[in-house]
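The structure appears below as structure tokens.
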Protein chains: 2
Amino acid sequence: MDDGEVAGIESAQDAANDELVLAFGRLQGAAGRLEYLLGGAIEEEFGISHLMYEVLLIVGRAGGAGMSMRAIAQERVLTTGGMTRLVDRMEAAGLVARTDDPTDRRGKLVRLTAHGRDVVVRASRLHVRNIRRHFLAPLPEEAREQFMECLRILSHAARDALPRLR
Amino acid sequence: MDDGEVAGIESAQDAANDELVLAFGRLQGAAGRLEYLLGGAIEEEFGISHLMYEVLLIVGRAGGAGMSMRAIAQERVLTTGGMTRLVDRMEAAGLVARTDDPTDRRGKLVRLTAHGRDVVVRASRLHVRNIRRHFLAPLPEEAREQFMECLRILSHAARDALPRLR
DNA sequence: CAACAGTATCTGTTCCGTCAGATATTCCCT
DNA sequence: AGGGAATATCTGACGGAACAGATACTGTTG
């Protein structure tokens with residue numbers, strides 16, 4: 001079971017697709033280490049993971065009485081099972097609070113605590129300084145806005161296109 | 001510890017940055033389920049994860065005698081420890097083979113087996129039909145090329161900017 | 001209203017990648 | 001050549017998310 005030639009594994013036409021796959025894969029790997037690119041300071045400063053920070057943002061902008069577990073999970077593209085445990089940890093850290101949904105006794109509503117809001121506000125302030133500078137820096141100036149717009153579009157599409165997460 | 005107002009959590013200036021954070025986060029979540037967007041058919045058809053498919057692509061295009069574990073890990077942004085186990089599984093599945101690096105007795109070289117090359121060729125063929133159509137579809141026609149270019153730039157930058165992975 | 005399908009959340013299990021440490025080897029400096 | 005730092009890979013322990021099943025509740029339908 002040996003192999004000689006590996007060149008010509010694909011047509012030039014397909015090579016561009018592979019490039020996209022590889023680029024996205026690398027970014028996914030890098031995103032797992034997003035702390036180095038974007039949120040390392042947050043983790044150091046506030047002792048919360050980047051994922052927690054994202055959930056704070058999501059819940060924070062919902063405001064009002066809070067968001068259901070499912071809605072958060074849907075928004076962040078996570079299973080509700082995973083969300084249960086994540087919110088467990090965040091609740092233990094005093095960042096969010098669960099309350100019973102008054103309109104549906106199956107449901108819970110998650111909202112920021114005062115501490116959680118404080119953290120997200122200060123973390124965001126820290127974030128702002130880093131995100132464009134470090135993450136987007138390699139891109140040519142004029143491409144950044146459009147790239148961010150594409151990212152927004154794709155992420156919404158991804159969120160909505162995926163089958164309902166358990 | 002109750003909280004009343006949640007509006008005005010941040011300035012309008014910062015809101016755009018948060019948008020980027022959230023978009024990227026969602027994409028990361030979605031990327032974990034990249035199978036639905038890009039590679040679901042591959043997993044069904046060939047019984048290999050999308051990550052394995054990516055590694056097959058990476059090793060395949062290296063060609064020749066093969067790639068070191070570290071080089072693959074670096075290219076895909078993964079720790080070498082994780083790579084060890086991934087290659088274990090891929091070797092067990094008959095997709096790749098390890099050989100001792102003749103120039104460095106610490107190292108191993110990973111190369112595709114005939115079966116691995118067959119899988120990656122056929123999977124790529126399947127992929128081509130799906131990737132642009134499903135993943136990039138939500139983007140306006142004229143933005144796609146530039147978006148892919150941005151993705152390429154950023155992914156290379158991310159790979160190179162990260163501290164050496166253990 | 002009883003039956004039943006659908007939904008929200010939680011929990012046990014499993015998978016998989018990271019982290020830190022161990023071992024073997026190479027490289028560099030004296 | 002000898003000693004130590006750096007490097008390649010592997011391994012044990014761990015964390016966290018997915019998956020599937022369980023439980024509780026809702027809404028619909030006969």
Side-chain angles (χ1 to χ4, degrees), chain A residues 25-26 28-36 40 43 47-55 66-93 96-110 162-166, chain B residues 25-26 28-36 40 43 47-55 66-93 96-110 162-166:
Chain A
R26 265 195 300 264
Q28 188 190 345
R33 290 176 188 75
L34 207 54
E35 54 268 30
Y36 291 115
E43 178 132 18
I48 65 172
S49 71
H50 194 269
L51 180 54
M52 284 188 189
Y53 169 64
E54 289 178 48
V55 171
M67 272 177 95
S68 74
M69 305 291 282
R70 171 164 296 285
I72 306 171
Q74 179 82 7
E75 185 64 22
R76 174 42 231 249
V77 189
L78 226 66
T79 60
T80 60
M83 192 48 71
T84 293
R85 292 179 231 250
L86 178 60
V87 171
D88 285 346
R89 296 196 296 279
M90 293 177 70
E91 205 172 16
V96 297
R98 275 184 180 92
T99 37
D100 292 334
D101 184 338
T103 70
D104 184 340
R105 278 196 296 169
R106 290 168 304 183
K108 303 279 185 188
L109 293 179
V110 180
L162 255 34
R164 223 352 155 58
L165 295 165
R166 292 163 54 103
Chain B
R26 267 196 297 269
Q28 188 192 344
R33 291 175 190 74
L34 206 57
E35 55 268 29
Y36 290 116
E43 179 132 19
I48 66 172
S49 70
H50 194 270
L51 179 54
M52 284 188 189
Y53 170 63
E54 288 177 47
V55 171
M67 273 177 96
S68 74
M69 305 290 282
R70 169 164 297 283
I72 306 171
Q74 178 83 6
E75 184 63 26
R76 174 41 232 248
V77 188
L78 228 64
T79 60
T80 59
M83 192 48 71
T84 293
R85 295 180 228 250
L86 178 60
V87 170
D88 285 347
R89 296 197 295 281
M90 292 176 72
E91 204 171 19
V96 297
R98 275 184 180 92
T99 38
D100 292 333
D101 184 338
T103 70
D104 184 342
R105 277 194 299 167
R106 292 168 303 181
K108 303 280 184 184
L109 293 177
V110 180
L162 254 34
R164 222 349 155 60
L165 296 166
R166 291 164 55 103

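Below, chain A is the first sequence line, B the second, and so on; all start at residue 1. The figures that follow rest on heavy atoms only: side chains count, while hydrogens, waters and symmetry mates do not.
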Practice item. Take atom CG of A:Leu51 and atom P of D:dG15, then tell me their distance rounded to the nearest Å. Key: 17 Å
**Study point:** Distance in angstrom units between A:Met69 CE and D:dA17 P, rounded
**Key:** 12 Å
Review point. Do B:Arg98 and B:Thr84 come close enough that some side-chain heavy atom pair is under 4.5 Å?
Key: yes
Exercise for review: Side chain of A:Arg85 only, please: which of D:dA8, C:dT11, D:dC25 is the nearest?
Suggested key: C:dT11
Check your understanding: Closest to the B:Arg89 side chain: C:dC16, C:dC19, D:dA18?
Key -> C:dC16
Check your understanding: What's the CG-P distance between B:Leu78 and D:dC10, to the nearest Å?
Key -> 14 Å
Enumerate all atom pairs, one protein N or O and one N or O from nucleotides 1-6 of chain C, separated by less than 3.5 Å.
| residue | atom | partner | partner atom | Å |
| --- | --- | --- | --- | --- |
| C:dG6 | N2 | A:Arg106 | NH1 | 2.8 |

Point to revise | Whole angstrom value for the distance that separates P of D:dG12 from CG of B:Asp88 | key: 12 Å
Check your understanding: Looking at B:Thr84, does any N or O in its side chain come under 4.0 Å of the phosphate oxygens OP1/OP2 on D:dT9?
Key -> no
Check your understanding: Contact class for B:Gly81 vs. all strands (heavy atom < 4.0 Å): base, sugar-phosphate, or nothing?
Key -> base
Check your understanding: Can you tell me how far CG of B:Leu51 sits from CD of B:Glu54, rounded to the nearest 0.5 angstrom?
Key -> 6.0 Å
**Study point:** Interatomic distance where CG belongs to B:Leu109 and C1' belongs to D:dT9 [whole Å]
**Key:** 12 Å
Study note, to complete from the structure: Here the distance between atom P of C:dA8 and atom CE of A:Met67, to the nearest Å, is 13 Å
Exercise for review: Map A:Thr80 and B:Met83 onto DNA chain D by nearest heavy atom, then report which one ends up closer to the 5' terminus.
Suggested key: B:Met83
Check your understanding: Do B:Ile72 and B:Glu75 come within less than 4.5 Å of each other through their side chains, counting heavy atoms only?
Key -> no
Review point. Do B:Asp101 and B:Lys108 come within less than 4.5 Å of each other through their side chains, counting heavy atoms only?
Key: no
Study note, to complete from the structure: Closest non-hydrogen atoms of A:Ser68 and A:Leu109, given as atom of the first, atom of the second and distance, are N-CD2, 3.9 Å
Revision key, fill the gap. Interatomic distance, OG1@B:Thr79 vs CZ@B:Arg70, rounded to 0.5 Å, equals 9.5 Å
Check your understanding: Considering only side-chain heavy atoms of A:Arg105, which listed nucleotide, D:dT9, D:dA18, D:dC25, is closest?
Key -> D:dC25
Exercise for review: Can you tell me the distance, in whole Å, between the NZ atom of B:Lys108 and the P atom of C:dT23?
Suggested key: 17 Å
Check your understanding: Picking from A:Leu86, A:Val110, A:Val55, what satisfies side chain to side chain contact (heavy atoms under 4.5 Å, CB included) with A:Val96?
Key -> A:Val110
Practice item. Nearest 0.5 Å please: distance from the CE atom of B:Met69 over to the CZ atom of B:Arg106. Key: 14.5 Å
Exercise for review: Kindly say whether, by distance alone, the side chain of B:Arg166 makes a donor-acceptor pair under 3.5 Å with the base of D:dT9?
Suggested key: no
Exercise for review: Give the rounded distance in Å between these two atoms: CZ of A:Arg76 and P of D:dG16.
Suggested key: 14 Å
**Study point:** Value rounded to 0.5 Å, distance of OG1 in B:Thr80 from CZ in B:Arg85
**Key:** 10.0 Å
Review point. Heavy atom of residues 96-104 of chain B under 4.0 Å from DNA chain C: which residues?
Key: B:Asp104
Exercise for review: Looking only at non-hydrogen atoms, find the nearest pair between A:Arg89 and A:Met52 and report the distance.
Suggested key: CB-CE, 3.9 Å
